[in-house]
Protein chains: 4
Amino acid sequence: MPRWSNMIEDLVSRVTEIGSTMLVNNQQGDITLSQQCEALLSNLGEATGLARSKEILDAFKDLDQAQKLDFFQTLCRDFGVDNQALKQALDAWQKEPNDEHTRNIHFASEPRSQELVRRLNLAPGGTAALVSLREDLILHMKKKPELSALDQDIRHLFSSWFNRGFLRLERIDWSTSANILEKIIAYEAVHEIQGWDDLRRRVAAQDRRLYAFFHPSLVDDPLIFVEVALTSDMPDTIGTILAEDRQDLNLQEATTAVFYSISNCQAGLRGISFGNFLIKQVVEELKRELPNLKRFVTMSPVPGLRRWAHAGSELAQQHQGVINALDQETSLFQPEFMAAQQDALSKLAACYLLDAKNKKDRPYDPVSNFHLGNGARLQQINLWADRSERGQSNSWGVMVNYEYDLAYIEKNHEAFLCEGVISASSQVRKLYKNN
Amino acid sequence: MPRWSNMIEDLVSRVTEIGSTMLVNNQQGDITLSQQCEALLSNLGEATGLARSKEILDAFKDLDQAQKLDFFQTLCRDFGVDNQALKQALDAWQKEPNDEHTRNIHFASEPRSQELVRRLNLAPGGTAALVSLREDLILHMKKKPELSALDQDIRHLFSSWFNRGFLRLERIDWSTSANILEKIIAYEAVHEIQGWDDLRRRVAAQDRRLYAFFHPSLVDDPLIFVEVALTSDMPDTIGTILAEDRQDLNLQEATTAVFYSISNCQAGLRGISFGNFLIKQVVEELKRELPNLKRFVTMSPVPGLRRWAHAGSELAQQHQGVINALDQETSLFQPEFMAAQQDALSKLAACYLLDAKNKKDRPYDPVSNFHLGNGARLQQINLWADRSERGQSNSWGVMVNYEYDLAYIEKNHEAFLCEGVISASSQVRKLYKNN
Amino acid sequence: MPRWSNMIEDLVSRVTEIGSTMLVNNQQGDITLSQQCEALLSNLGEATGLARSKEILDAFKDLDQAQKLDFFQTLCRDFGVDNQALKQALDAWQKEPNDEHTRNIHFASEPRSQELVRRLNLAPGGTAALVSLREDLILHMKKKPELSALDQDIRHLFSSWFNRGFLRLERIDWSTSANILEKIIAYEAVHEIQGWDDLRRRVAAQDRRLYAFFHPSLVDDPLIFVEVALTSDMPDTIGTILAEDRQDLNLQEATTAVFYSISNCQAGLRGISFGNFLIKQVVEELKRELPNLKRFVTMSPVPGLRRWAHAGSELAQQHQGVINALDQETSLFQPEFMAAQQDALSKLAACYLLDAKNKKDRPYDPVSNFHLGNGARLQQINLWADRSERGQSNSWGVMVNYEYDLAYIEKNHEAFLCEGVISASSQVRKLYKNN
Amino acid sequence: MPRWSNMIEDLVSRVTEIGSTMLVNNQQGDITLSQQCEALLSNLGEATGLARSKEILDAFKDLDQAQKLDFFQTLCRDFGVDNQALKQALDAWQKEPNDEHTRNIHFASEPRSQELVRRLNLAPGGTAALVSLREDLILHMKKKPELSALDQDIRHLFSSWFNRGFLRLERIDWSTSANILEKIIAYEAVHEIQGWDDLRRRVAAQDRRLYAFFHPSLVDDPLIFVEVALTSDMPDTIGTILAEDRQDLNLQEATTAVFYSISNCQAGLRGISFGNFLIKQVVEELKRELPNLKRFVTMSPVPGLRRWAHAGSELAQQHQGVINALDQETSLFQPEFMAAQQDALSKLAACYLLDAKNKKDRPYDPVSNFHLGNGARLQQINLWADRSERGQSNSWGVMVNYEYDLAYIEKNHEAFLCEGVISASSQVRKLYKNN
């Protein structure tokens with residue numbers, strides 16, 4: 001029997017005691033007594049609790065994956081709702097369905113895992129350890145969907161702890177400390193950073209920016225970051241942005257901010273969304289610093305295009321000709337080939353972006369879903385724009401500019417969420433109509 | 001109809017929509033859909049929500065107290081549990097009482113005010129505004145106890161947001177910024193700070209320390225602070241500590257850290273306890289800085305003594321002689337009077353501290369309750385120790401040293417909480433037995 | 001014989017040794033040897049030198065003023081030029097007056113007190129201690145003008161150490177640390193700060209600014225600071241600026257920055273001028289922050305007016321009528337009296353500011369001299385503008401606005417320095433002509 | 001005629017004017033007048049001077065090396081001592097050789113280049129630009145030794161500006177900003193840093209330290225740094241310290257701090273010595289942080305050994321056997337070869353370190369000279385200790401531990417400087433005697 005098991009047992013027994021004590025007091029209607037007991041009982045946890053929380057989190061870190069799965073399953077099974085407490089609360093409510101009794105149902109039905117996670121969080125470094133624990137949990141959830149109940153509890157608490165008001169926007173540049181910069185290198189998920197020289201080009205050039213959100217409990221460890229290029233035009237290829245030997249743009253000539261990469265850093269915070277806030281706050285920041293900026297656009301991948309093209313939908317089959325041509329060509333970026341497929345690929349991409357839906361009847365493409373959900377407009381489709389291996393295998397090199405047009409963000413956002421309307425430029429819309 | 005009313009209505013309608021949408025998805029068992037919808041719906045809130053939250057909090061600030069009460073009552077009445085959603089969840093659970101349905105009861109029975117407060121918190125400055133809002137709520141609760149349901153919701157969220165892991169301990173000294181220092185002057189609740197010169201004596205002298213907890217969302221505004229005097233002996237009067245003209249102690253001679261004042265700063269955080277953590281972390285800090293320190297004691301008031309003495313308990317009546325003598329004397333600190341009452345007052349105080357209970361059968365004295373609950377020992381009773389007006393009117397000048405003896409804290413803490421055992425020095429115990 | 005005397009002797013003997021060694025090497029024409037020896041000899045100083053420098057500076061601090069004077073006189077007498085070394089250098093130069101021999105004269109004639117002060121400066125806190133030492137020296141110089149030779153040596157080094165490139169401009173506001181703020185209160189020399197509340201009004205109001213220069217060796221101790229009021233008009237009285245109950249100006253309406261007080265903080269840095277740089281850098285800072293600002297003016301005292309009026313110059317005697325009237329009136333600011341003297345006092349002030357000279361044929365008024373020397377224009381004379389006791393006793397309440405008109409600063413500055421031209425507004429000039 | 005020439009001329013004419021004006025005033029004995037004029041004249045420089053200084057420094061940066069040489073020669077020729085002023089001062093002194101006249105010689109004989117450099121220093125970024133300028137000057141001095149007069153002037157001022165009191169010690173670690181760290185990589189001169197991974201090993205490991213001196217005018221640009229390894233023993237080879245795959249030492253076991261690399265960063269500050277101060281301050285810092293440290297030693301190269309061995313001295317010829325053997329061996333670190341030459345090489349090294357002198361009769365080895373001059377003891381000779389190419393070509397791999405034994409530093413330092421005594425361990429001394 002592993003060592004942490006005893007500790008959990010011990011912590012559990014306290015938690016149980018606290019839970020039921022609270023309920024009893026509430027049932028007696030003695031709210032002030034209940035509050036006193038709550039304070040008293042939470043004191044009970046402090047003294048031995050902190051040390052024990054630390055021990056549990058340390059012990060967890062040393063488990064192998066099989067033991068971790070076992071641990072998660074134990075939590076799921078034994079730390080659910082306290083059924084007896086729930087029954088009592090329901091009985092009271094049925095006898096007299098007043099407001100107080102209704103509210104008591106909420107407290108009585110709280111899965112005990114929530115209080116457990118709250119207590120674990122009090123240990124020094126607890127928040128970071130829990131984010132890492134949830135990373136493991138998400139891994140196991142793929143094969144054991146029943147763990148999602150536990151995950152939901154943790155995510156509920158994370159939503160609260162990582163709420164937007166606690167985040168701090170920071171610009172990352174060449175004066176940032178190396179321990180943060182090396183994390184940026186590691187976390188970049190869209191266009192991989194090739195070591196320190198590449199990083200330097202992305203953060204130290206006068207026409208480049210990198211902004212990240214930080215949380216007070218994850219010291220020197222970003223939650224999410226976005227990379228920005230300042231340009232004189234909306235770009236139609238990622239290559240010019242990432243080029244090693246390009247010339248820096250004079251800031252007076254910069255009219256356009258291009259968000260060319262957004263990376264979530266903490267796998268354990270999946271489902272807690274920061275991207276929308278980040279983009280909008282960075283737009284504010286850039287407008288303040290550089291009043292000349294007129295446009296805020298992205299240079300975004302289209303990660304689902306090729307997968308969708310092969311998934312056999314009726315819509316995709318209408319474009320089978322170009323799909324076959326692209327699949328059979330081993331060297332996509334030859335001038336003749338590009339010229340020949342230009343029109344058909346444009347139409348395929350427009351059709352995919354405007355019409356392809358997932359099971360929930362939302363845009364099939366996750367990146368598209370994200371930016372349209374934020375209120376951006378689908379501004380321009382760029383063929384042959386990402387010639388990297390990943391770009392080819394995801395979308396035959398197609399990329400998209402989404403535009404954050406401040407005058408329309410709210411309207412687009414509402415129309416998209418309420419009625420599913422996709423905002424697109426006339427240029428893109430025309431490609432689609434020509435189908 | 002006030003302006004905020006419309007805004008609330010508007011926010012409410014969203015919240016309702018969100019709440020029920022969530023439930024529907026959960027009921028369909030489509031957890032992934034539910035998660036997507038949750039993300040999507042919380043996006044819905046972001047765009048217009050932030051601005052609206054800000055408007056609500058700004059509007060609230062400008063209400064008069066009658067309007068605020070009306071607002072709180074509206075929230076209590078209309079933002080309780082969504083009864084229909086709860087009913088659906090209960091129906092599903094009764095048909096098939098599995099884990100998932102049980103958990104859904106918890107989410108379906110969440111008072112809608114919780115989601116509302118979470119959303120208000122997202123506005124810039126939202127947390128501080130909510131702390132201030134709760135300060136008003138607590139005021140009204142005295143006359144309208146039914147508001148405590150709403151208060152419980154807010155307190156539940158505050159416990160999460162102000163959890164110990166998010167707090168930062170900082171030493172306050174003469175290099176601290178004036179805007180923080182002026183708050184210290186305003187917040188000191190035990191021994192009032194008489195302006196900047198008095199403050200200077202308390203933070204700039206080499207044998208004085210002041211430590212505070214800060215939270216990232218309340219910038220430059222402390223949550224709680226403690227004042228410490230470094231001495232060569234455990235003091236028996238507060239006068240020598242606060243004296244204007246005293247000689248600073250050479251730090252090499254300091255053996256004792258005296259916690260002579262603890263002040264909670266935010267009335268809106270009542271019931272969220274930081275004091276225990278603060279004292280223990282300051283002890284760690286001081287031990288690291290000054291390895292010579294051997295004892296950690298308090299110089300504490302006895303705020304309930306005189307009130308208890310007049311409350312008519314049987315126990316108090318056994319000391320009626322000295323109580324009468326003290327009440328009739330207008331000038332307590334004359335040597336003859338002090339000599340005459342010394343023994344009787346000592347016994348009265350010992351009896352009060354060791355035996356007087358409140359309704360919950362805990363120590364009557366709140367300060368005693370706090371330190372004993374933290375695991376401290378009742379070390380010494382000091383007569384004629386606080387000659388200020390407050391000191392006289394609360395306790396005829398009696399003060400107490402509680403000792404934080406690191407080797408015994410855990411044991412004392414457990415014994416006190418589980419069995420009600422009060423740890424006391426033999427000296428104090430002897431006074432009591434001599435009764 | 002005091003303790004420091006031995007130490008000085010000891011240090012002297014080293015210094016002498018070093019000085020002469022250097023010369024010998026130089027005379028041999030062996031420059032590389034000389035450089036090596038110099039490095040080597042300065043190493044000699046490091047080891048024991050630092051400790052000894054510290055001892056000397058500590059010992060000096062404890063001397064009484066008589067001992068300090070004695071010390072200064074000793075330095076003056078015994079640490080002058082090394083006559084023998086000078087003679088050798090001159091002999092060499094006369095035999096062969098080449099460049100090198102000429103340069104050697106410079107080094108050989110350096111008063112040994114310079115090297116001494118350089119070495120004292122190496123002690124931890126040495127710079128601050130020397131600034132304080134010079135403060136004492138300046139005091140004694142009043143009665144012992146022969147000490148000015150020593151003072152000149154120190155000032156020469158201070159000019160180098162406190163050069164403009166090493167200064168750091170900082171805004172002082174309510175987030176500044178208390179230990180700096182209390183120095184601001186102490187140092188304000190023009191319009192005394194009446195405690196912390198008054199200070200708060202001057203640094204925390206949105207339409208007030210305070211900027212200071214700091215030097216890396218005087219930590220948390222400003223060299224000079226300037227107080228600025230942001231207004232919608234050029235003021236004609238100091239009272240509205242210092243009023244306790246005034247309304248803050250909305251920054252959008254601020255068009256004018258008024259420099260209403262400049263205070264030098266370190267008496268020991270007399271003669272090292274920072275004011276010109278400070279004003280100009282603050283103008284840059286304010287223009288950057290508030291592009292709406294159009295005018296940069298002062299609200300300045302006229303400290304020499306009344307003294308000059310009584311000094312018996314022919315020019316003053318032409319205004320004897322108004323001078324007598326002002327002197328005889330005990331209550332200057334009665335409406336009738338003010339109305340009656342208005343014209344005559346205006347003329348007197350204009351005449352003083354435009355025509356009164358000191359012995360060096362420069363403007364008699366030191367404040368006028370300072371601002372005109374910086375390139376400012378004498379813009380407006382304000383009667384009855386400073387009703388404080390000091391204002392009355394210095395200038396019967398007269399104040400002046402000098403304007404820093406960026407387009408003319410350079411021209412004014414040159415014309416004033418080279419030809420003594422005083423730049424004045426037509427309004428002021430007209431008053432003068434009407435005489 | 002280049003553009004800067006006019007600007008120089010212009011600045012020169014001001015400087016001349018100032019110089020002579022000062023002298024005249026001094027000669028008249030009107031010291032107060034002189035002080036006023038000095039302030040006034042230095043004001044004259046401020047307005048136009050700052051801009052002009054900036055222009056000169058900017059223009060200089062764009063010159064090619066031939067133009068720079070021309071510029072330096074012009075300065076040397078035309079900015080020497082003002083001969084006429086000097087003559088006047090000497091005349092006055094000869095007539096009446098009083099103290100004041102003697103001191104005036106010093107000021108009158110100051111090369112005008114000094115005032116010029118002082119004024120250039122006032123430009124924003126002036127100090128850094130002058131450090132860079134001197135770097136060029138030192139380059140040209142190698143072929144044009146007559147430029148050393150100019151260099152001496154600049155160095156004289158640099159000694160003053162870069163005095164020890166203005167330097168700030170900072171620990172460099174993995175939380176340091178990338179722009180400083182990349183300079184560390186570039187500046188390391190002893191054991192080259194092979195990119196960011198190697199740097200990480202040297203600054204981020206718990207048993208490694210790197211400390212640097214900074215000056216307020218060279219922002220984010222270190223002057224000198226030292227790398228330290230914390231070990232449990234005095235090392236006898238550099239390889240174990242620099243190894244990529246070594247195990248970090250637990251700090252509790254660290255008893256020895258090894259200074260294994262000291263690098264000067266600014267070629268333009270040659271001859272301004274910081275190393276002694278740096279080592280001693282780092283020793284203080286380490287002792288405070290890690291009271292367990294008992295020994296402070298270096299792991300130093302012996303850069304002059306092989307050069308000296310071939311320079312043909314009588315002393316070296318006594319070791320011709322081993323010298324020939326080492327020279328003929330292409331693969332020095334074969335066990336048999338090392339065993340065979342061990343004794344002879346030890347004796348050669350001991351003899352070199354204890355007896356080989358340079359022209360000034362100081363130790364031939366510059367590194368030895370530096371550490372012995374600081375008061376260190378020659379503790380141990382390590383054969384085959386630096387197997388890098390540089391190590392072989394400089395000293396056949398020999399390295400030395402110098403020990404900074406705090407109880408003896410002062411004594412060693414004095415004995416070395418005054419009498420040339422080399423402090424060495426008995427072990428090293430024995431090797432020498434066995435010769």
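Within every chain, numbering begins at 1; the chains are lettered A, B, ... in the order of the sequence lines, protein sequences first and strands thereafter. Only this structure's heavy atoms are used, side chains among them; waters, hydrogens and symmetry mates stay out.
Taking A:T102 as the reference, A:W93 meet the side-chain hydrogen bond (donor to acceptor under 3.5 Å, both in side chains) condition, with sequence neighbours excluded. For B:K411, the salt bridge (Lys or Arg N to Asp or Glu O under 4.0 Å) test picks out no residue, with sequence neighbours left out.
Ring pair B:F158/B:F162 is perpendicular by interplanar angle, where above 60° counts as perpendicular and below 30° as parallel.
Of the listed residues (B:L157, B:I272, B:D153), the one with the most heavy-atom contacts under 4.5 Å to chain A is B:D153. The choice from A:P111, A:G375, A:G80 that makes the most heavy-atom pairs within less than 4.5 Å of chain B is A:P111. Between chain B and the residues A:P216, A:S160, A:P97, the largest count of heavy-atom pairs under 4.5 Å involves A:S160.
For A:R118, the part lying near chain B is the side chain, with the backbone staying farther off; criterion is any non-hydrogen pair under 4.5 Å. For A:L90, the part lying near chain B is the side chain, with the backbone staying farther off; criterion is any non-hydrogen pair under 4.5 Å. For chain A, no part of B:E146 is nearby; none of its heavy atoms comes within less than 4.5 Å.
A side-chain donor-acceptor contact under 3.5 Å links B:N163 to the backbone of B:G165.
Taking the six-membered ring for Trp and the full ring otherwise, B:F166 and A:H215 have centroids separated by under 6.0 Å.
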